[in-house]
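Notes to accompany the following structure.
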Amino acid sequence: MNRHRPERARRGWAACAAVAALTTLAAACSSSSGTAAPATSAKLVAGTYGAANGSLSSLTWDLPYGEPNTVDPPNTAFYSSSLIAANLCDPLLRLSPNYSISPNLATYRQPSPLTLVFSLRPGVKFWDGSPVTAADVVWSLQHSASPATAVAFLYANVKSITATGPLQVTVTFKKPDSLFLFEMATFVGMVQEKRFAEHAGTKLGSAAGKIMCSGPYELTSWAPGSGMTLTANPHYWNPAGRAHAHTVHIEFTTDSTSIAQALIAGQLDGAYEISPATIPRLQNASSGKLIFGAPSQLYLTLNVVNPTGPLASLDVRKALFMTINRAALATAAYHGAAIPNWTQMNVGSWKNGSWPAAAQKIFATAYAGFERQEKSWGTPAAFAAAKQLAAKAGYHGQPIVLATLAGDATLAQVAGLIQGWAREAGLNVQIKPLQPLAYSNASYNAKYRVGLDLLLGTTFNNAPSPLEPTGLAYSPGNPYNYTNYNNPKVTADIAAAHTTVNLVQQARLLTAAQAIYEPAYNAQTLVQFDEIMFLKNGLGGATTSFAYMNEPSLAVIGKAK
């Protein structure tokens, strides 16, 4: 894992030096503010923690970001929704913890750059006993490609999706696509039963409509606002992948203090996305292990979500971002389990083994330019410059409403720091905590963002590539393009990057687009952080890297030796 030390912040926060061995992270730091050290008993684990050697009657798991807004796979680009969908539905291909691709529901061959053929495994059945057919796959992929989904842009180069046999599906392309095959190992390529989905209609993926898939767990109950129950599929097609826990009880608690207390008391068996604010409480818990996982594709973003209002002005947006001290956020709010990030394109999306050295050099050169400019932000000099810039743009104290997730202690702390720094520049940021369902809806649907100017939250990449997040944020019409950003050159560069398999050329195109969209200050990635999870004693087999999001992560957890 490539980690470097957060720089010493300029507003009194002490930097935290992390010393990591292969499986153990030991660190200590202190500050005048009382910031706690990273967990001295936590494990830095790449891949899997322990081994599952026995079955369980039940597993109780929490979703710290709250209730899913849907479990319809192509619309599960929200943390809670994606985790649940990955345990219910099988993608065509499988993504391993090291981000390599292997067959899953199907094998594949690519006879030409414009043709991709999937051959389905015979004998695979949905939970209701119906066979998985080519017709189901065609419907599922066409459903993902429909304009109403969050991932439609990933199908921009697809010409046709057709059944070319009872167990064969052929995808043809208008242009080569460098990302499509990888996405078939994520929720973008998950398969549902056509007949069930068409009958569910607009209720598909909701508590009322549910879904029909072939995964190791079946969604047997969903009580909105309360919890979910997943039951093991006893006829799962892959014996090696059958669930160890017969029943999984899913809880929607988002209050960080309550989650930590339940983990310490042994009332919860575990959770991913543990709030860093609870690290000091959990680091010495006798009930289980606090685990830092790598590699990570997790990061904190601050998005402008209102294209009108006080942040309609480019200069006011820039002034706001100029007040944020990212190194201080990494140290104070994330207890050393994070590094500052200086562009919207999070560093982990390109600084990984998927990119050759020449491409990484292109990304790194562009990144260094933004870092040189922004490392001085969040200082008294930056506050003064930001105040002058905002006033010149006509800002005179209008409220700027920042939405965050109610109950999440880390996001509350980050929001408070942003609010305080903005005040130094005369910017009136008002914090509005949203309840979990309202928060997840606001992340996806514009009608739920009325009255909001900023949205603070944790997000992630499925693919270790900037193509995915830049496509989501800057494709015209995408639900995650919160400000309706539409620059023809940016759109063209991202589209061209999709169609080239030359990764060095991709890097050139993506950094050319970055040079245009970054100075628009529509969004920024503030820090990138480790996966932080907690697992109860006596359990093993948990995937510790963020690749857990693309696999049936709850099914692999079982009784340890």
Side-chain angles (χ1 to χ4, degrees), residues 71-77 82 85-97 99-127 130-146 149-173 176-194 196-197 205 211-217 233 236-238 240-241 462-465 468 547-553 555:
V71 291
D72 177 26
N75 289 313
T76 58
S82 188
N87 282 276
L88 303 176
C89 302
D90 287 312
L92 288 171
L93 305 177
R94 176 61 67 204
L95 187 66
S96 71
Y99 291 104
S100 61
I101 293 174
S102 60
N104 193 48
L105 276 187
T107 58
Y108 70 92
R109 59 186 177 88
Q110 194 156 12
S112 77
L114 299 179
T115 306
L116 187 59
V117 181
F118 292 102
S119 297
L120 296 176
R121 294 180 184 273
V124 178
K125 295 181 179 180
F126 293 109
W127 304 321
S130 301
V132 175
T133 69
D136 297 303
V137 175
V138 170
W139 183 91
S140 298
L141 298 188
Q142 289 178 341
H143 173 55
S144 291
S146 62
T149 72
V151 297
F153 77 98
L154 293 169
Y155 286 79
N157 296 320
V158 172
K159 181 179 180 180
S160 66
I161 304 168
T162 56
T164 48
L167 294 175
Q168 186 181 86
V169 173
T170 299
V171 180
T172 62
F173 298 88
D177 194 296
S178 61
L179 196 57
F180 186 84
L181 186 64
F182 190 98
E183 294 292 349
M184 292 299 98
T186 74
F187 59 75
V188 179
M190 287 180 177
V191 177
Q192 303 183 62
E193 185 182 54
K194 175 185 177 182
F196 182 96
I211 54 176
M212 180 61 62
C213 287
S214 61
Y217 279 113
N233 175 5
Y236 187 52
W237 60 270
N238 180 7
N462 276 312
S465 167
E468 189 180 89
Y548 82 84
M549 191 62 83
N550 294 305
E551 66 178 23
S553 54

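Below, all heavy atoms of this structure are taken into account, side chains as well, without hydrogens, waters or symmetry copies.
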Q) Between Asn233 (side chain) and Gly215 (backbone), is there a donor-acceptor pair under 3.5 Å? A) yes

**Q.** Under the side-chain contact (heavy atoms from CB on, under 4.5 Å) test, residues paired with Pro176 that sit two or more places apart
**A.** Pro113, Leu114

**Q.** For Tyr155, ring pair (Phe, Tyr, Trp, His ring centres under 6.0 Å) partners two or more places apart
**A.** Phe180

Q. Any side-chain heavy-atom pair from Ser214 and Val191 closer than 4.5 angstrom?
A. no

Q. What's the shortest heavy-atom distance between Gly165 and Ala134, and which atoms?
A. O-CB, 3.2 Å

Q) Which residues pass the side chain to side chain donor-acceptor pair (under 3.5 Å) test with Ser553, sequence neighbours left out? A) none

Q.
Holding to ring pair (Phe, Tyr, Trp, His ring centres under 6.0 Å), I want the full list of residues that pass it with Tyr548, two or more places apart in sequence or in another chain.
A. Tyr272, Phe546

Q: Considering non-hydrogen atoms only, spot the tightest contact between Pro216 and Gly241 and give its length.
A: CB-O, 3.8 Å

Q: Say whether, by atom type as modelled, one donor and one acceptor occur between the side chain of Thr149 and the main chain of Ser144 under 3.5 angstrom.
A: yes

Q.
Suppose we screen for side-chain contact (heavy atoms from CB on, under 4.5 Å). Which residues come up paired with Lys159, at least two apart in sequence or across chains?
A. Thr172, Lys174

Q: Verify side-chain contact (heavy atoms from CB on, under 4.5 Å) between Phe118 and Leu105, making sure each step is shown before the conclusion.
A: CA-CA 9 Å; Phe118 292 102; Leu105 276 187; over 6 Å; no

Q: Say whether, by atom type as modelled, one donor and one acceptor occur between the side chain of Arg94 and the main chain of Asn550 under 3.5 angstrom.
A: yes

Q. Sequence neighbours excluded, which residues qualify as side chain to side chain donor-acceptor pair (under 3.5 Å) partners of Trp237?
A. Asp90

Q: Only pairs at least two apart or in different chains count here, so list each side-chain hydrogen bond (donor to acceptor under 3.5 Å, both in side chains) that has a residue in residues 101-112.
A: Ser112-Thr115

Q | Distance (rounded to the nearest 0.5 Å) between Asp136 CG and Met212 CE | A | 11.0 Å

Q. Looking only at heavy atoms, which two atoms of Met184 and Leu141 are closest? And how far apart?
A. SD-CD2, 3.9 Å

Q: Return the set of residues passing ring pair (Phe, Tyr, Trp, His ring centres under 6.0 Å) with Trp139 (not counting sequence neighbours), or none when no residue passes.
A: His143

**Q.** From CG (Leu116) to OG1 (Thr170), nearest 0.5 Å
**A.** 8.5 Å

Q. For the residue pair Ala152 and Ser146, what are the closest heavy atoms and their distance?
A. CB-O, 3.4 Å

Q. With sequence neighbours excluded, what pairs up with Asn75 under the side chain to side chain donor-acceptor pair (under 3.5 Å) test?
A. Asp72, Tyr444

Q.
If you compare all heavy atoms of Leu120 against all heavy atoms of Leu92, which two are closest, and at what distance to 0.1 Å?
A. CD2-CD2, 4.0 Å

Q: Work out which heavy atom in Ala163 is nearest to a heavy atom in Val138; give both atom names and the distance.
A: N-CG2, 3.6 Å

Q: Report yes if some heavy atom in the side chain of Trp127 is under 4.5 Å from a heavy atom in the side chain of Cys213; otherwise report no.
A: yes

Q) Can you list the residues that meet the side-chain contact (heavy atoms from CB on, under 4.5 Å) rule with Ala86, with sequence neighbours excluded? A) Met190

Q.
List the residues meeting salt bridge (Lys or Arg N to Asp or Glu O under 4.0 Å) with Glu193, not counting sequence neighbours, and say none if there are none.
A. Arg195

Q: With sequence neighbours excluded, tell me which residues meet side chain to side chain donor-acceptor pair (under 3.5 Å) with Thr186.
A: Glu183

